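Protein chains get the first letters and strands the later ones, always in sequence-line order, with residue 1 at the start of each. What you see is a predicted model; the values in this text were computed from it and never measured.
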Amino acid sequence: MDNISSEERLYTALASVPIGTIIAYGELASAAGLPGRARWVGRILSQLPSDTQLPWHRVTNAQRRISFPLGSDRFFEQSARLQREGLQISSTGKVSLPN
DNA sequence: GGCATGACGCTAA
DNA sequence: TTTAGCGCCATGC
């Protein structure tokens with residue numbers, strides 16, 4: 001399965017995302033060499049172990065919104081991490097730069 | 001093989 | 001800004 005090499009590219013691209021920056025699923029997919037496979041990226045991230053070192057919290061959808069239901073544990077965790085990196089989260093879950 | 005589901009994306013209204 | 005519809009692909013039943 002050549003998907004494995006693509007996964008490695010995905011992990012590399014994700015690890016290369018600077019602090020205080022967010023990237024969309026589609027962008028990550030393109031960076032991994034699989035343009036248009038945003039759902040594939042989401043599926044991979046959903047299977048990441050809890051002890052991962054990857055900045056999965058810097059990944060949002062194309063609308064710069066956290067792709068978790070408001071009020072869910074995952075939503076709070078991601079928003080907390082992003083805020084810790086200097087980003088601002090609106091009440092609707094949209095991520096914006098403080099700049 | 002068919003159908004439903006999901007950490008998605010885009011366009012239209 | 002939100003909702004709805006359609007397209008897309010991987011998985012599981």
| task | Can you run down the salt bridge (Lys or Arg N to Asp or Glu O under 4.0 Å) pairs that involve residues 83-99 of chain A, sequence neighbours left out, and say none if there aren't any? | result |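 Residue pairs with at least one partner in residues 83-99 of chain A: A:Arg58-A:Glu85.
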
| query | Which residue pairs satisfy the salt bridge (Lys or Arg N to Asp or Glu O under 4.0 Å) criterion with at least one member in residues 8-33 of chain A, sequence neighbours excluded? | reply |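 Matches after skipping sequence neighbours: none remain.
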
Could I get a table of every N or O pair under 3.5 Å where one atom is in the protein and the other is in nucleotides 10-13 of chain C?
from	atom 1	to	atom 2	distance (Å)
C:dA10	O3'	A:Arg43	NE	3.4
C:dA10	O3'	A:Arg43	NH2	3.4
C:dT11	OP1	A:Arg43	NH2	2.8

| For residues 25-34 of chain A, which residues have at least one heavy atom under 4.0 Å from DNA chain B? |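 Correct list: A:Tyr25, A:Gly26.
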
| Which residues, if any, of residues 11-20 of chain A bring a heavy atom under 4.0 Å of DNA chain B? |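 Correct list: empty, so none.
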
What side-chain donor-acceptor pairs closer than 3.5 Å can you find for residues 32-54 of chain A, not counting sequence neighbours?
from	atom 1	to	atom 2	distance (Å)
A:Ser46	OG	A:Gly42	O	3.4
A:Ser46	OG	A:Arg43	O	2.5
A:Thr52	OG1	A:Leu54	N	3.2

| Members of residues 79-97 of chain A that approach DNA chain C, where some heavy atom sits under 4.0 Å away |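 Close to the strand are A:Thr92, A:Lys94.
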
| request: Using the P atoms only, state how far C:dC6 lies from B:dA7, rounded to an integer number of Å. | output: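 About 22 Å, rounded to a whole number of Å.
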
| said: Measuring only the C1' atom in each nucleotide, how far is C:dC8 from B:dT5? A whole number of Å is fine. | reply: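 One C1' to the other, the span is 14 Å.
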
From [atom1] ([X]) to [atom2] ([Y]), nearest 0.5 Å:
X       : Y       : atom1 : atom2 : result
A:Ile22 : A:Leu87 : CD1   : CG    : 6.5 Å
A:Leu10 : A:Ser5  : CG    : OG    : 11.0 Å
A:Ile23 : A:Thr60 : CD1   : OG1   : 9.0 Å

| query | With a 4.5 Å limit on heavy-atom distance, are the side chains of A:Gln88 and A:Leu97 in contact? | reply |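 Contact flag for A:Gln88/A:Leu97 side chains = no.
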
| query | Among all residues two or more places apart in sequence or in another chain, which pass the side chain to side chain contact (heavy atoms under 4.5 Å, CB included) test with A:Ala31? | reply |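 Testing A:Ala31 for side chain to side chain contact (heavy atoms under 4.5 Å, CB included), a comparison that skips the adjacent residues, returns A:Ala13.
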
| said: Under 4.0 Å from a heavy atom of chain A: give me the 5'-most and 3'-most nucleotides of DNA chain B that qualify. | reply: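 Contact boundaries, 5' end first: B:dG6 to B:dC10.
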
Distances under 3.5 Å between protein N/O atoms and the N/O atoms of nucleotides 3-7 of chain C, please, pair by pair.
none

Ignoring hydrogens and angles, write down the donor-acceptor pairs under 3.5 Å from the side chains of residues 64-79 of chain A, residues two or more places apart or on other chains.
from	atom 1	to	atom 2	distance (Å)
A:Arg65	NH1	A:Thr92	O	3.2
A:Arg65	NH1	A:Thr92	OG1	3.0
A:Ser67	OG	A:Asn61	ND2	3.4
A:Ser72	OG	A:Pro69	O	2.7
A:Ser72	OG	A:Phe75	N	3.3
A:Glu77	OE2	A:Arg81	NH2	3.3
A:Gln78	NE2	A:His57	O	2.9
A:Gln78	NE2	A:Val59	O	2.9
A:Ser79	OG	A:Phe75	O	2.9
A:Ser79	OG	A:Phe76	O	2.9

